[in-house]
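Just so it is clear, the model here is predicted, and its values are computed rather than measured. First listed ligand is number 1; within each ligand, the first listed atom is number 1.
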Amino acid sequence: MKVLLGLSTDELCSLVQEHGAPAYRGKQIAEWVYQRGARTFEEMTNIPEKLRSDLSKEYAVGRAETVAVQRSRDGTLKLLLELAAANKLKVKNQTPKVQVKSQKLGTTEGFGDMVETVGLPYADRFSCCLSTQVGCPVGCVFCATGLGGFSRNLTAGEIVDQVLAVQEAARTRVDHVVFMGMGEPLLNYEATVKAMRLLNSELGIAMRHLTVSTVGFVPGIRRLAEEKMQVTLAVSLHAPTDDLRRQLIPGMKWCLADIIDACREYLQQTGRRVTFEYCLLDGVNDGTAQAQELARLLRGMNCHVNLIPYNPVPGLSSYKRPRKSIRAFREVLEGAGIQVTQRVQRGPDIDAACGQLKQVKS
Ligand code: SAH
Ligand code: SF4
């Protein structure tokens, strides 16, 4: 069974024309899927019965089912989605909102069809943090997603679906999207780029309001630069030296010099300032000497550093969130003329903060 979700308005117009209907029916279907959140053909009441029944022989809408919604004290929402492929595209009208209290860290065995996604309310915007893979093949040593192994890539439709699900759960429109949930977006390149285009064309989210975070997959950064889209590139560095970076991110072979080069290329092609993410781990990468090395590495570059104090991962006791070192680290970078922000921790009480998303058993 194929799915509608993931097709653009143009593609839907061609599809209905192949079925002998006028192109504008494709526009109407796009509106049902992306604006009105339809889960079944039955809901599409302005589409002729014959076209609906023809399409439904080959296609389902393909929405995931929201099986759990957790709400943090700070308003952050974490959704657990069962992907449509998992429930064999059976589409249920009811979406039970079960409260999930605790979930054990998993292995890949028996997993693979659930994904977590996060809704983040701010005073001036509503942001959604999307997953691009079920699990992650990179395996950063401090990340819950990496610990659970890798199951599969998400499709563009499954990525966009997360925004629709968050909009339904939060009863508000999402206007900013960060690709910072489970998975490495640039290792699922086509689906990620297609999802960004769909978020823009079908959901009306500005390209400038999309941020894609990568662990530093150099060929992906270079390819993204060629697209010349106005999305923000965020690159997870976490270390000022290749030795330390290899220890923290065993699954990525590119050296810092290659990563920085690719980022310069991105800046040149798009004119967009690059963000560097740096997860601060107490006693591991948070020393002032390391801050000085980082400043040297980034000297002369139009960039911005986002410090992310480590968020605890259940079952991972070897790392600690730093307490005292953050300010000094920040001051060294600022002293070198680098703009620095510190990421505000969101949703830690529901394990929705950076690095805390994980695979869940279906
Ligand atoms: N795979 C991509 C995007 C998802 S991770 C990447 O690694 O960039 C989003 C951000 O959360 C990354 O910067 C990542 O390093 C960070 N992160 C992972 N585990 C973390 C943890 N336990 N505490 C704080 N940040 C973490
Ligand atoms: Fe994958 Fe990013 Fe987690 Fe590393 S930090 S394991 S790349 S999701």
Side-chain angles (χ1 to χ4, degrees), residues 105-106 108 115-118 120 127-154 159 162 177-189 191-192 195-196 210-218 220-221 224 231-239 244-254 259 262-263 266 274-282 284-286 304-322 326 341-348 351-359:
L105 266 181
T108 49
V115 84
E116 292 188 315
T117 190
V118 177
L120 297 149
S127 186
C128 185
C129 178
L130 299 186
S131 296
T132 52
Q133 298 181 313
V134 183
C136 181
V138 179
C140 300
V141 295
F142 49 83
C143 170
T145 308
L147 282 182
F150 171 65
S151 295
R152 71 167 174 92
N153 280 334
L154 297 184
I159 298 172
Q162 296 169 54
V177 169
V178 294
F179 289 73
M180 292 187 185
M182 296 166 67
E184 167 50 41
L186 298 186
L187 289 178
N188 182 14
Y189 187 88
T192 295
M196 293 195 285
L210 306 180
T211 298
V212 60
S213 174
T214 175
V215 71
F217 180 58
V218 168
I221 297 175
L224 192 65
V231 303
T232 300
L233 177 69
V235 178
S236 298
L237 280 189
H238 311 319
L244 181 58
R245 201 174 130 88
R246 254 192 301 274
Q247 287 170 38
L248 299 176
I249 314 174
M252 270 288 125
K253 64 175 187 181
W254 281 273
I259 295 171
C263 292
Y266 189 84
V274 175
T275 297
F276 291 106
E277 293 159 288
Y278 196 100
C279 174
L280 287 164
L281 304 160
D282 189 34
V284 176
N285 64 356
D286 63 338
H304 154 243
V305 172
N306 191 214
L307 298 175
I308 319 171
Y310 168 72
N311 294 311
V313 171
L316 242 192
S317 53
S318 32
Y319 298 105
K320 300 257 170 310
R321 189 177 172 89
I326 305 176
T341 49
Q342 187 177 324
R343 188 165 301 170
V344 176
Q345 190 187 39
R346 298 291 303 256
D351 285 348
C354 298
Q356 295 185 322
L357 302 187
K358 61 196 172 295
Q359 294 191 50

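Atom CG of Leu244 and atom CD1 of Ile249 lie 9.0 Å apart (nearest 0.5 Å). Atom-to-atom distance recorded for Tyr319:OH and Cys279:SG is 10.0 Å, nearest 0.5 angstrom. With rounding to the nearest 0.5 angstrom, the CG atom of Asp286 is 13.5 Å from the OH atom of Tyr310. Here the straight-line distance linking atom CZ of Phe217 with atom CE of Met252 works out to 6.0 Å at 0.5 Å rounding. Note that CZ of Arg346 is 11.5 Å distant from SG of Cys129, once rounded to the nearest 0.5 Å. Residue Leu233 holds its CG atom at 5.5 Å from OH of Tyr266, rounded to the nearest 0.5 Å.
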When you look at Cys128 and Thr117, which way does the side chain to side chain contact (heavy atoms under 4.5 Å, CB included) test go after all the steps? CA-CA 8 Å; Cys128 185; Thr117 190; 4.1 Å; yes
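Here the side chain of Glu116 pairs a donor or acceptor atom with the backbone of Lys358 at under 3.5 angstrom.
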One line per pair, note the atom names and distance for all nitrogen or oxygen contacts under 3.5 Å between ligand 1 and the protein.
from: ligand 1; atom 1: 1 (N); to: Gly183; atom 2: O; distance (Å): 2.9
from: ligand 1; atom 1: 1 (N); to: Glu184; atom 2: OE1; distance (Å): 3.3
from: ligand 1; atom 1: 8 (O); to: Ser213; atom 2: OG; distance (Å): 2.7
from: ligand 1; atom 1: 8 (O); to: Ser236; atom 2: OG; distance (Å): 2.6
from: ligand 1; atom 1: 13 (O); to: Ser236; atom 2: OG; distance (Å): 2.8
from: ligand 1; atom 1: 13 (O); to: Glu277; atom 2: OE2; distance (Å): 3.2
from: ligand 1; atom 1: 15 (O); to: His238; atom 2: NE2; distance (Å): 2.7
from: ligand 1; atom 1: 22 (N); to: Phe142; atom 2: O; distance (Å): 2.9
from: ligand 1; atom 1: 22 (N); to: Asn311; atom 2: O; distance (Å): 3.0
from: ligand 1; atom 1: 23 (N); to: Asn311; atom 2: N; distance (Å): 2.8
from: ligand 1; atom 1: 23 (N); to: Cys354; atom 2: O; distance (Å): 3.4

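Of the candidates Val138, Asn153, Thr192, Val138 is the only one forming a side chain to side chain contact (heavy atoms under 4.5 Å, CB included) with Leu187.
Around atom 3 (Fe) of ligand 2, the protein N, O or S atoms closer than 2.8 Å are Cys143 SG, listed by chain and residue number.
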